[in-house]
**Q** 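The structure follows.
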Amino acid sequence: MKSRLILIICSLLSCCVFTVAQKSANLRPKWVGNTPGNHRPEFYFIEVHSDGSTSLHGARVAVKQEIASNVERTDKVSVSEIFDDKSVQNYDTDNNAALQSTDSYQLHLTVEGASRPIKTRRIDEYWETVNRGGINVLDYHALYAVERNGSNADFSGISSVSSYGASGLWRSAIVPGWGQFYKGSVLKGGLMLGGTVALVGGIIYTETTRQDYMNKISKTHNAGNIREYKNRADNFALGRNICIGGLAALYVYNIIDAIVAPGARHIVVKKNSDSSGYALLPSITSDGGLALCGQITF
C-alpha cells in the first residue's frame with residue numbers, strides 16, 4: 001500500500017513537470033492577443049501566430065509570410081522578398097533569466113515599381129504544446145517590431161520584461177491581490193484576495209460571537225453559566241487574534257510578492273533622447289552670479 005502511494009505521488013509529480021515543460025513561460029505574456037499600440041512614429045508592432053508546427057524552428061519559419069501579409073495590409077505595399085537578417089536580442093523569462101532571440105528579417109517592398117527594404121525584429125515569443133490528433137504541435141505567438149515604410153527605425157529601446165516596479169506594489173497595498181492580478185498572476189491574486197476576505201470574515205465572526213458571550217455574562221448571575229460563557233468568549237478571542245495575525249502575515253507577504261515576484265512579460269519602449277522632457281541646467285547671470293535654469297523640450 002505504501003509503495004503504491006509513493007508511485008502515485010511520483011506519477012503526479014512527473015505529470016506536473018511534464019505540464020510545466022509544455023510552455024515557454026509560466027505566465028502568458030500580456031501582449032498575446034493584446035498587441036501594444038504605437039509608441040513611436042517610426043515603427044509599429046504586429047503579433048503573428050502559428051499552430052501547426054511540431055518544432056520551434058518550424059513555427060518561427062511559418063510566421064514569416066504572416067509578417068509580410070501584415071506589412072502589406074498596414075503600409076498598403078507589396079512585399080517582394082524576405083531576407084534573414086540575424087542579430088542577437090535579449091529578453092527576460094519568469095525567473096529573471098535572460099534568453100537570446102536571433103530572429104530578424106529585412107523585407108523588400110515593391111513601391112511604385114522600385115524595391116525598398118524595411119527592417120523587422122522579433123521582440124518576444126511564447127508557445128504552448130497542444131495535442132491534436134495524437135501529434136504534439138506548438139501554439140506559437142510572436143511579437144515583431146516593424147519599421148514604417150520610409151523611416152529608419154531604432155529597435156534598441158524596445159524590451160520585453162517581467163518586472164513592474166511600483167505598479168504592482170501600490171495596487172497590492174490598497175487591495176491585497178490587486179497587484180498580482182495586474183501582473184498577470186491571476187491564480188495567486190485570487191488566493192491573496194480570497195484569503196484576505198476569509199480572514200476579515202473570520203475576525204468579524206469571532207469578535208461578534210465573543211461580544212455576544214460577554215453580553216450574556218452581564219445578564220446572568222449563575223456562576224456555572226458565567227464560567228462557561230467566559231471560556232467560550234476567551235476561545236473566540238483567541239480565534240480572532242489568530243485571524244488578525246494571519247491577515248497581517250498575508251498582507252505583508254502580498255506586499256513582498258508584489259515587489260519581487262516576476263509577472264507576465266510586457267513590452268517597454270524607452271523614449272528617444274530627443275523626445276519631450278525637461279532639465280535643470282546651471283547658468284551664469286549677466287552680473288556674474290550663479291543661477292539654475294530650466295529647459296523644456298517638446
**Q** Is there a donor in the side chain of Asp154 and an acceptor in the side chain of Ser156, or the other way round, less than 3.5 Å apart?
**A** yes
**Q** Assess whether a salt bridge exists between Glu128 and Arg28, defined as any Lys/Arg side-chain N lying under 4.0 Å from an Asp/Glu carboxylate O.
**A** yes
**Q** Starting from Tyr182, walk the hydrophobic network (Ile, Leu, Val, Met, Phe, Trp, Tyr; side-chain heavy atoms closer than 4.5 Å) and list everyone else you reach, by chain and number.
**A** Tyr164
**Q** Show me the pairs that pass salt bridge (charged side-chain N to carboxylate O under 4.0 Å, His left out) and involve residues 244-264, at least two apart or across chains.
**A** Lys188-Asp257
**Q** Check side chain to side chain donor-acceptor pair (under 3.5 Å) between Trp178 and all other residues, then give those that pass, not counting sequence neighbours.
**A** none
**Q** Mind checking what makes side chain to side chain donor-acceptor pair (under 3.5 Å) contact with Asn215, not counting sequence neighbours?
**A** none
**Q** How would you list, by chain and number, every residue that makes a ring pair (Phe, Tyr, Trp, His ring centres under 6.0 Å) with Tyr251, sequence neighbours excluded?
**A** none
**Q** The criterion is side chain to side chain donor-acceptor pair (under 3.5 Å); which residues satisfy it with Ser172, sequence neighbours excluded?
**A** Gln180, Asn254
**Q** Got a sec, which residues hit side-chain contact (heavy atoms from CB on, under 4.5 Å) with Ile242, two or more places apart in sequence or on another chain?
**A** Leu238
**Q** What pairs with Ile244 under side-chain contact (heavy atoms from CB on, under 4.5 Å), at least two apart in sequence or on another chain?
**A** Ile203, Arg240, Asn241
**Q** Could you check whether Glu47 and His141, counting side-chain N and O atoms only, form a donor-acceptor pair closer than 3.5 Å?
**A** yes
**Q** Show which residues join Tyr205 in its hydrophobic cluster (side-chain heavy-atom contacts under 4.5 Å, direct or indirect), or state none.
**A** Tyr213, Met214, Ile217, Ile226, Tyr229, Phe236
**Q** What residues join Leu187 in its hydrophobic cluster, counting side-chain heavy atom gaps under 4.5 Å, either direct or through other members?
**A** Leu191
**Q** Quick one about Trp127 and Asp139 (side-chain donor to acceptor, distance below 3.5 Å, no hydrogens or angles considered), yes or no?
**A** no
**Q** Taking only residues two or more places apart in sequence, or in another chain, which ones meet Glu228 in a side chain to side chain donor-acceptor pair (under 3.5 Å)?
**A** Arg232
**Q** If hydrophobic residues (ILVMFWY) are linked whenever their side-chain heavy atoms come closer than 4.5 Å, directly or via other members, who joins Val137 in its cluster?
**A** Val130, Ile135
